Amino acid sequence: MRVIPRKPRGAGAEAQGRPEEHPVLEPRLKDNLERLSGLMERNNDLISRRFLVRAAGKEACLLHLDGLVDSLALDQDILKPLQSAPREQLPGDDEATGMSPLDGVEASLVGVTQVRRVASLQEVVDEVFAGFTLLLMDGEREALRMDIRGGEIRSLTEPVLEQSITGPQEGMHEKLVINLALVRRKLRDPRLVVQKSRIGRRSRNDMAVLYIDDIADPAIVEEVKARIATIDIDGVLSVNYIAQLIDDNPWTVFPLERTTDRADVLVAELLEGRVVVMVDESAFAIAYPALFVEMLQAGEDYYQKASAGALWRAMRFLAFFLAVSLPAVYVALLGFHIELVPYKLLNTLAQLREEVPLPVVFEAIVMELIIQLVIEAGLRLPALLAPTVGVVTGIILGQAAISAKLASPAMIVVVAMTTIVTFAIPNYNLVTSTRVLRLPMIVLAATFGLFGLALGWYVLLVHMATLQSMGQPYFAPLAPLRWRDMKDVFFRFFLFDFEYRPRSIPHQDDRRQIPPPKGGA
């Protein structure tokens with residue numbers, strides 16, 4: 001297992017802006033609030049509400065961050081019962097029951113489902129800044145942590161990365177609890193394990209590791225947990241931080257994890273034996289181990305007939321090849337292998353390039369850089385302007401390049417086709433990989449012709465064959481070759497042919513379905 005060395009922590013609690021750590025809370029509420037006073041003075045959005053618990057006759061204080069809690073639940077389910085409930089409703093402080101006043105408040109007055117105790121001042125601070133509501137009572141050495149997190153959040157929308165026509169239309173959300181609910185609605189198996197923890201010394205994000213207990217390989221589950229446990233970082237702003245920190249090979253351009261914003265895709269990954277990682281405030285999730293071939297698969301493939309799914313799958317492999325190689329093929333043919341071009345086509349290309357002063361390789365690189373800049377600009381423009389500006393800019397730049405004799409119309413066509421086939425690839429991380437690989441392929445083709453292009457693909461395939469994702473072969477089932485899994489690689493076979501789970505993903509329960517009888521019952 002690759003171990004990431006831990007960074008030294010700050011020189012004490014004061015260096016991190018936290019109060020001095022104490023093993024337990026003091027019994028006097030006044031003492032605890034005095035220790036928190038410095039924190040409250042520095043954070044004006046930290047709300048402190050002191051009041052009298054009528055049933056217990058004791059002073060209490062509610063702590064929460066403004067905007068991170070459900071105000072209605074705070075008023076109706078916590079504050080109102082504590083202030084108005086008579087003494088008879090509190091079963092605590094009775095020798096017969098053996099309950100303290102805090103026990104009675106938790107048992108009969110607080111109308112919140114998720115409640116747990118915290119016993120130290122540091123835990124109180126950590127839980128408050130995680131968005132929870134804390135109740136401190138005078139005379140108690142423990143506090144109640146209540147989960148009424150809420151506030152303004154966006155509604156569910158369609159997926160951004162992997163859109164679907166016939167599949168579910170719900171995209172994932174930034175809130176971890178909502179994403180877990182989306183998965184639970186589609187996978188109601190009690191053996192689905194959800195293990196929560198926190199990551200990031202300062203951001204302290206909630207994180208969840210998901211797997212199906214009797215399907216996922218325990219070795220892979222433990223490997224994922226062990227690698228995550230080595231992460232020691234100030235803040236995690238996206239689940240992609242985790243992916244970069246636990247990847248088997250950080251130098252490769254290929255994605256070694258499956259990133260998705262679709263709950264149905266995550267459920268399919270879990271049912272094949274993978275382990276899923278989610279982080280709060282990130283609308284994406286990652287799944288391990290990942291395979292290269294699944295980067296060219298889409299959920300839409302399995303919602304349509306096998307014939308349609310097989311056709312689109314084969315076209316995506318062709319799109320990947322063209323996205324990496326098309327400009328390089330054009331450069332190699334015109335620069336080295338003119339004899340391979342039909343005479344009439346060669347004559348046309350020669351006339352188009354007659355007044356272009358740049359060699360074909362520089363022409364290709366310049367146009368490639370321009371189109372990449374247009375794509376980057378389109379990604380960062382406002383949503384309403386991006387389509388119009390992208391189209392207009394492409395037309396103007398293309399026409400201007402031709403008029404200025406910087407590029408031939410044939411090169412414009414090649415670059416445009418390359419851009420189109422690039423976005424036929426369903427996985428955005430793999431799209432980024434093709435954009436990075438295109439320039440080295442052009443340079444190899446300009447240096448050695450088609451031999452250079454073949455050499456580039458040879459190095460690329462060998463590199464993919466040596467990659468691993470969470471210790472498993474990334475290029476499986478092609479290398480190593482696993483015939484049983486080939487029915488879902490270049491073509492998608494019938495759904496009833498997937499009787500067993502793929503061997504390329506280690507698992508426990510091998511059978512996933514009993515095929516129905518052919519021709520009906």
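We use all heavy atoms of the structure for the numbers below, so side chains are in, but hydrogens, waters and symmetry mates are not. The first residue of the sequence shown is numbered 1, and numbering continues consecutively from there. What you see is a predicted model, and the numbers here were worked out from it, not measured in a lab.
Between K487 and F498 the shortest side-chain heavy-atom distance falls below 4.5 Å.
Between E281 and K175 there is a salt bridge, since a side-chain N of the basic residue sits under 4.0 Å from a carboxylate O of the acidic one. Using a 4.0 Å cut-off between a side-chain N of Lys or Arg and a carboxylate O of Asp or Glu, R501 and D510 do not qualify as a salt bridge. We find that E162 and R258 are joined by a salt bridge, their nearest charged nitrogen and carboxylate oxygen being less than 4.0 Å apart. One finds a salt bridge joining E294 and R274 here, because a Lys/Arg side-chain nitrogen approaches an Asp/Glu carboxylate oxygen to under 4.0 Å. The residues R116 and E127 are annotated as salt-bridged, a charged nitrogen and a carboxylate oxygen being separated by less than 4.0 angstrom.
Separation of the F292 and F320 ring centroids falls under the 6.0 Å cut-off.
Scanning both residues, R184 and R188, for their nearest heavy atoms gives O-CG, 3.5 Å.
A distance-only check finds no donor-acceptor pair linking the side chain of D485 to the backbone of P502 [under 3.5 Å].
Taking the ring axis of F491 as reference, the NZ or CZ atom of R313 does not stay both within 45° of it and closer than 6.0 Å to the ring centre.
A search for side-chain contact (heavy atoms from CB on, under 4.5 Å) contacts involving Q468 returns D248, not counting sequence neighbours.
In this structure, F494 and F496 have parallel ring planes: the angle between them is below the 30° cut-off, well short of the 60° mark.
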For residues 321-343, dump all side-chain donor-acceptor pairs below 3.5 Å to protein atoms at least two apart in sequence or in another chain.
residue	atom	partner	partner atom	Å
S325	OG	F321	O	3.1
S325	OG	W457	NE1	2.6
H337	NE2	L450	N	3.0

